[in-house]
Structure formats: C-alpha cells, structure tokens
Amino acid sequence: MTQRWGTLAWHGKRISARQLVFWTGAGFWVLLLLWSTGPAGIRALRNELVFLAGLIVLSSATRSVNIREVASLFFLGGFTMGLAYLLSPVLPSYPLRDFVAPPIEEFLKIAPVLYVLWRWRTTRTWTLGVTDVLLMAAASGAGFSLVEDAFIRGSPGVSWLPTTVLHGNNLDAGHAIWTAVAGATIGFALFFREKKVPALALGASGFVVAVFDHIQHNYGVDSHGTFERSMQFVAGNGWAFIDVFVVLVVAAVLFDLYVTLGTLPRVPELKLPPFGGNLENLKAQWAFLVGRRALAYLLFRYRRASGPARAKLARLAAMLDQSLVYHRSRAG
C-alpha cells in the first residue's frame with residue numbers, strides 16, 4: 001500500500017483503492033435509485049444507456065476515450081445532480097427560478113468534463129477528438145438526468161432519442177442532449193485553442209444555446225403568454241435544438257474522420273496489424289487503433305502550434321509513437 005490510497009491485487013491485476021471506492025459508491029447509488037423508483041428507474045436507466053450506446057457506436061471509428069472513462073463521467077454527472085438538489089431550496093421561486101436554475105444546472109453538468117479536461121491539460125487534451133468530448137459531456141448529462149427521469153417522466157418525444165420528452169407541444173431535449181451540445185463545441189474549440197478569443201467563443205456557444213433551450217422549456221411548462229410564445233417560436237418548440245444536436249454529431253464524426261484519415265504519415269509502423277488471434281491480441285489491436293487516432297489528433301494540433309507548445313507536442317508524439325510500436329508488436 002502507498003502512503004495515500006494504495007492498490008489492491010485482483011486476479012493478477014492491480015486496482016487502485018481510489019477506483020474501488022468510486023465504483024463501489026457508484027454501484028450503490030444506482031442500486032439505491034432502482035430500489036427507490038422501481039420500474040420507472042429501470043426505464044430511465046435503460047433510456048440513458050441506449051442513448052449513450054448509440055453515440056458510442058457512432059463514434060466507434062473516431063473516439064479515443066474508453067468505456068470506463070465514459071462511465072466515470074456518467075457517475076460524476078449523477079453526483080452533480082445531488083449538488084443541484086442541495087442548491088434547490090435556496091433558488092428563487094417562479095418565475096425567476098425558470099431563468100436561474102437552467103444555467104446553474106448546465107454548469108454543474110459540464111463541470112465534470114471541464115475538470116477532466118483541466119486534469120489532462122498537459123497530455124490527454126492534445127490527443128482528444130471532438131467526438132471524445134461530446135461523448136464525455138453526453139455521459140455527464142445522462143448521469144445528471146437519470147434521477148430526474150426516474151421520478152418525473154412525461155410523454156415520449158423523438159422515438160430514436162429515448163431521453164427526449166414531450167410536454168404539450170414543447171419538446172424537452174433532455175439533460176444528456178443539452179450537455180452533449182455544450183461538449184461538442186468545446187471539442188471543436190480545443191482544436192483551435194491557439195486563437196484564444198474565437199476558441200473561447202466557439203467553446204461557450206454550445207453552453208449558451210443549451211441554457212437558452214433549457215430556459216425556454218422550463219418557462220414554457222410553467223407560463224403562457226406572449227413572451228413564452230416568443231421564446232418557443234425562436235426555439236421551434238424545442239425541435240430546433242434537436243437539429244443542432246444532430247448537425248453537431250455529424251460534424252464531429254466527419255471532422256474527426258478527416259483528421260484521423262488525413263493527418264498521419266503513410267509509414268509501415270502505422271499500418272493496422274492483421275486482425276485475428278486470441279483475446280489479448282484483439283485488445284492490443286484495439287489499443288493500437290485508439291493510439292493511432294490519438295496520435296492523429298496530436299499531429300493535427302502540432303502542425304498548427306509554435307514555440308514551446310510545438311516542442312511539447314513533439315515530445316508527446318514521440319511517446320505515443322513508442323506506445324504504438326509496443327501495441328503493434330503485441331498484436332502482430
């Protein structure tokens with residue numbers, strides 16, 4: 001055991017005690033939720049997981065984050081829902097509440113993603129695609145939404161987006177989609193961070209749009225009048241945000257494909273090893289694929305960097321290249 005948390009051995013693998021505590025707590029939270037809500041909780045969990053599974057499949061050719069990292073963001077999003085619940089009693093009453101609660105909730109949901117990106121600021125953020133950040137944000141939003149959907153669920157909205165809900169004529173895009181849009185624009189901004197002001201504006205744009213759609217939905221549920229109808233007109237009764245989400249998902253996948261397919265040099269050591277063999281070889285092949293994508297994202301940024309940042313990215317690229325050689329030797 002180390003001086004801090006230490007590690008535990010399990011079937012020949014080392015498991016961090018910190019990870020053990022986190023996953024034990026996360027599992028207990030889900031079981032407690034399902035115990036409290038019954039079938040409604042099961043349906044809510046199914047809807048969130050189906051939504052995330054769809055995004056994982058769509059990003060399977062571009063993402064570099066793994067399922068464990070996505071799951072961690074899901075549970076961190078659930079934790080921020082607890083923070084929102086604690087803040088709820090101090091929020092103002094209607095109608096001001098409909099304008100104060102949405103930005104607070106949107107910030108709480110994207111906060112775990114921002115925290116992870118900050119922790120990875122000197123390494124992993126340089127190797128992430130847009131779909132990576134979008135997927136992490138969607139997971140955080142889905143975790144946040146799970147409790148609310150388990151207790152409050154209206155009529156189903158878009159059939160192929162199980163997290164959406166209809167309230168009269170107004171479509172509720174849902175927390176997962178709102179946060180996914182915020183994450184997508186942050187993901188794009190990370191590719192152009194050398195242009196600070198435009199990158200900050202681009203990164204914040206998804207958050208701002210999500211806050212507006214969240215406000216118009218909440219206000220539309222509680223109010224009826226000229227101002228409410230004006231907001232819903234601008235938002236297309238919530239349907240316009242679904243269009244924004246779909247466009248950003250498609251744009252993220254296409255942009256990442258453009259980077260991964262067009263950036264890497266055509267050298268033998270970057271060619272995909274032949275598929276086949278045992279499970280360990282398949283794992284090594286997948287690790288090679290993911291590492292190659294990460295290298296492509298890194299090189300795309302390297303070619304646009306200058307000064308000390310360029311030198312740092314060159315060192316990171318050399319480390320990634322060595323990792324690819326290792327995984328290729330295992331899969332070969």
Side-chain angles (χ1 to χ4, degrees), residues 48-49 51-81 84 102-121 124-146 161 163-164 173-193 198-214 241-257 259 293-294 297 301:
E48 304 299 342
L49 294 181
F51 171 74
L52 289 177
L55 287 180
I56 289 172
V57 170
L58 287 173
S59 63
S60 58
T62 58
R63 66 177 173 86
S64 63
V65 294
N66 58 47
I67 301 301
R68 180 181 57 81
E69 290 166 336
V70 174
S72 297
L73 265 299
F74 179 85
F75 291 115
L76 286 173
F79 172 75
T80 63
M81 177 61 181
I104 293 176
E105 291 183 0
E106 293 305 320
F107 173 76
L108 288 174
K109 289 184 296 175
I110 200 65
V113 180
L114 297 177
Y115 170 71
V116 169
L117 293 177
W118 179 80
R119 287 197 63 186
W120 292 350
R121 64 191 181 282
R124 288 283 300 279
T125 55
W126 299 99
T127 67
L128 295 177
V130 181
T131 47
D132 289 318
V133 186
L134 187 157
L135 186 57
M136 290 192 297
S140 181
F144 185 98
S145 182
L146 178 59
L161 287 174
T163 56
T164 58
H175 292 292
I177 294 179
W178 283 325
T179 316
V181 167
T185 57
I186 292 172
F188 277 111
L190 287 176
F191 274 97
F192 307 101
R193 66 178 81 182
L200 284 172
L202 175 60
S205 62
F207 176 83
V208 172
V209 173
V211 167
F212 171 78
D213 194 67
H214 195 163
F241 197 82
I242 300 302
D243 295 334
V244 172
F245 168 71
V246 171
V247 168
L248 282 174
V249 169
V250 172
V253 172
L254 292 178
F255 180 83
D256 284 355
L257 284 174
V259 173
R293 295 170 193 166
Y297 297 138
R301 293 176 169 104

Residues which pass ring pair (Phe, Tyr, Trp, His ring centres under 6.0 Å) with Phe188, listed by chain and number, not counting sequence neighbours: Phe255
Got a sec, which residues hit side-chain contact (heavy atoms from CB on, under 4.5 Å) with Leu200, two or more places apart in sequence or on another chain? none
So for atom OH, which belongs to Tyr115, do other residues, nucleotides or ligands contribute more than 12 heavy atoms lying within a distance under 6.0 Å? no
Give a yes or no on whether the backbone of Arg63 and the side-chain of Arg293 come within a donor-acceptor separation of less than 3.5 Å. yes
Quick one: pull up NE2 in His214 and CD1 in Ile104 and give me the separation to the nearest 0.5 Å. 10.5 Å
For Gly77, does its backbone N or O pair with a side-chain atom of Thr80 as donor and acceptor, under 3.5 Å? yes
Looking at residues at least two apart in the chain, or sitting in another chain, which of them share a side-chain contact (heavy atoms from CB on, under 4.5 Å) with Ser145? Glu48, Asp149, His175
Determine whether more than 12 heavy atoms belonging to other residues, nucleotides or ligands lie under 6.0 Å from atom CZ of Phe107. no
Between Arg121 (side chain) and Trp118 (backbone), is there a donor-acceptor pair under 3.5 Å? yes
Is the closest side-chain heavy-atom distance between Leu117 and Leu128 below 4.5 Å? yes
Report yes or no: does Thr125 contribute a side-chain atom to a donor-acceptor pair with the main-chain N or O of Trp120 at less than 3.5 Å? yes
Taking side-chain contact (heavy atoms from CB on, under 4.5 Å) as the definition, give me every residue that meets it alongside Ala210, ordered by chain and number, with sequence neighbours left out. Glu106, Trp178, Phe241
Any Phe74 side-chain heavy atom under 4.5 Å of Leu52 side chain: yes
Indicate every side-chain donor-acceptor pair of residues 129-136 with a distance under 3.5 Å to a residue at least two apart or in another chain.
unit_1, atom_1, unit_2, atom_2, d
Thr131, OG1, Thr62, OG1, 3.0
Thr131, OG1, Asp256, OD2, 2.6
Asp132, OD1, Ser64, N, 2.5
Asp132, OD1, Val65, N, 3.1
Asp132, OD2, Ser64, N, 3.3
Asp132, OD2, Ser64, OG, 2.7
Asp132, OD2, Gly129, N, 2.8

Is it the case that the side chain of Thr185 and the backbone of Ala182 share a donor-acceptor pair, with hydrogens and angles ignored and the cut-off at 3.5 Å? yes
Please list, chain by chain and in numerical order, all residues satisfying side-chain contact (heavy atoms from CB on, under 4.5 Å) with Leu114, sequence neighbours excluded. Ile110, Ile186
Taking Phe245 as the fixed residue, which of Leu248, Val249, Val247 is the one that meets the side-chain contact (heavy atoms from CB on, under 4.5 Å) rule? Val249
Measure from the side-chain N and O atoms of Glu69 to the backbone N and O of Asn66, and report whether any donor-acceptor pair falls under 3.5 Å. yes
